[in-house]
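Remarks on the structure that follows.
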Amino acid sequence: MYIAVGIVLAAVLFFIIAVKLFFAREGTEEIVVKLTERTPFAVTAQDDVSVTLVTKLEFANVGKQIGTIMDAFVRPLLPYEQYDGIEVRGRAEREGAPREDDYFEAVLIEEGESIFVKAYLTLTARKGMSLKEAVSHMVDFSAELIYQETGRTPWRYSKATIPVRAQEVAALVSVTLADD
C-alpha cells in the first residue's frame, strides 16, 4: 500500500518537474517598452485653454512566446499640491487602432515583434488662466503608462514612466517659462 502511494507521488513529482523544465526551455513572453526610443511630444490639438500632446512608444516582445497586452492607460502624476494651474488627463491607444471610447483593445505581440502605443496627455488651464499663462508657470512632471500583460505567465501590471518636461511643453505652445 505504502509502496503504491510512494510510486504515485514520485510519478506526480516527476511530471511536475518535467513540465517545469519544458516551460523553462520553451521560455515565456517578455514585453519591454523602449522608452529611449519614444518620439518627442507633438501637438495634436490646441485652443486658448488646452493642448493635447502625443508621444509614441514601442512595445517589443523580446521573449520566446506570444505575449498579450490586455489593457493600457496613462496616469499623469501632476497633483494640485505640485502645480494647480493645469489639469492633466491621459489616455493610451494602439497605433492604427484609434477609439473614441478611451478603451484599449487587447493585442497579441508575436515573439520578436513590436507594436506601437500612443500616449496622449491633455493639459487644460485652470483658475481662469489661458493655456499660455498656465504653461509658463508649469513644472516638470511624469506620466505613467500602465499596461496589463500576459502570456505563459499569469497576468500582471507593468509600467513605463514618461518624463514630461515643462521646457518641452512651453516650446510646443510657444511660451517662455517664468522664473518662479
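For the numbers below, each heavy atom of this structure counts, side chains included, while hydrogens, waters and symmetry mates do not. Remember, predicted model here, so these are calculated numbers, not experimental data.
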Calculate, to the nearest 0.5 Å, the distance between atoms [atom1] and [atom2] belonging to [X] and [Y] respectively.
X    : Y    : atom1 : atom2 : answer
Q148 : W155 : CD    : CH2   : 5.0 Å
D48  : M129 : CG    : CE    : 14.5 Å
M138 : R165 : CE    : CZ    : 10.5 Å
K132 : H137 : NZ    : NE2   : 14.0 Å
F73  : I146 : CZ    : CD1   : 4.0 Å
R126 : I86  : CZ    : CD1   : 10.5 Å

Under 3.5 Å, is there a donor-acceptor pair between the side chain of [X] and the main chain of [Y]?
X    : Y    : value
D47  : V51  : no
K34  : L57  : no
R89  : L121 : no
S114 : E58  : no
Q82  : D140 : yes
T39  : K56  : yes

Are L177 and Q167 close enough, and set up right, to give a side-chain contact (heavy atoms from CB on, under 4.5 Å), and what steps lead you there?
CA-CA 7 Å; L177 289 177; Q167 187 64 47; 3.4 Å; yes
Tell me if the centroids of the rings in F59 and Y147 come within less than 6.0 Å of each other.
yes
Check whether any side-chain heavy atom of [X] lies under 4.5 Å from a side-chain heavy atom of [Y], and answer yes or no.
X    : Y    : answer
Y83  : L78  : yes
Q65  : R152 : yes
V169 : L123 : yes
F104 : R91  : no

Above 12 or not: heavy atoms from other molecules or residues under 6.0 Å from [atom1] of [X]?
X    : atom1 : value
Y80  : OH    : yes
D179 : CG    : no
F116 : CZ    : yes
L13  : CG    : yes

Charged N to carboxylate O under 4.0 angstrom, E144 versus K159?
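Result for this pair is yes, salt bridge flagged.
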Can we say E105 and R99 salt-bridge, meaning some charged N sits less than 4.0 Å from an Asp/Glu carboxylate O?
yes
Report yes or no: do [X] and [Y] belong to one cluster of Ile/Leu/Val/Met/Phe/Trp/Tyr joined by side chain heavy-atom distances under 4.5 Å?
X    : Y    : answer
L53  : Y120 : no
V175 : V88  : yes
L108 : I31  : no
I69  : Y103 : no

Would Q46 and L131 satisfy side-chain contact (heavy atoms from CB on, under 4.5 Å), going step by step from the backbone distance to the final call?
CA-CA 9 Å; Q46 182 176 348; L131 174 66; 3.7 Å; yes
Does any donor atom in the side chain of T150 or T68 lie under 3.5 Å from an acceptor atom in the other side chain?
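Per modelled atom types, T150 and T68 side chains form no pair under 3.5 Å.
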Assess the residue pair T44 and T52 against the criterion (side chain to side chain donor-acceptor pair (under 3.5 Å)); give the C-alpha distance rounded to whole Å, side-chain angles, the decisive distance to 0.1 Å, and a yes or no.
CA-CA 6 Å; T44 62; T52 300; 4.6 Å; no
Taking all atoms of both residues into account, what is the closest heavy-atom pair of [X] and [Y], and its distance?
X    : Y    : result
A106 : R94  : O-NH2, 4.5 Å
A170 : V135 : CA-CG1, 3.7 Å
A119 : V74  : CB-CG2, 3.8 Å
A125 : A134 : CB-CB, 3.8 Å
V117 : A92  : CG1-CB, 4.1 Å

Please determine whether side-chain contact (heavy atoms from CB on, under 4.5 Å) holds for the pair L172 and F41, giving the CA-CA distance in whole Å, both sets of side-chain angles, and the decisive distance to 0.1 Å.
CA-CA 8 Å; L172 289 169; F41 282 107; 3.7 Å; yes
As a quick check of understanding, evaluate side-chain contact (heavy atoms from CB on, under 4.5 Å) for R38 and I162, giving each step before the final call.
CA-CA 9 Å; R38 81 168 177 86; I162 305 166; 3.7 Å; yes
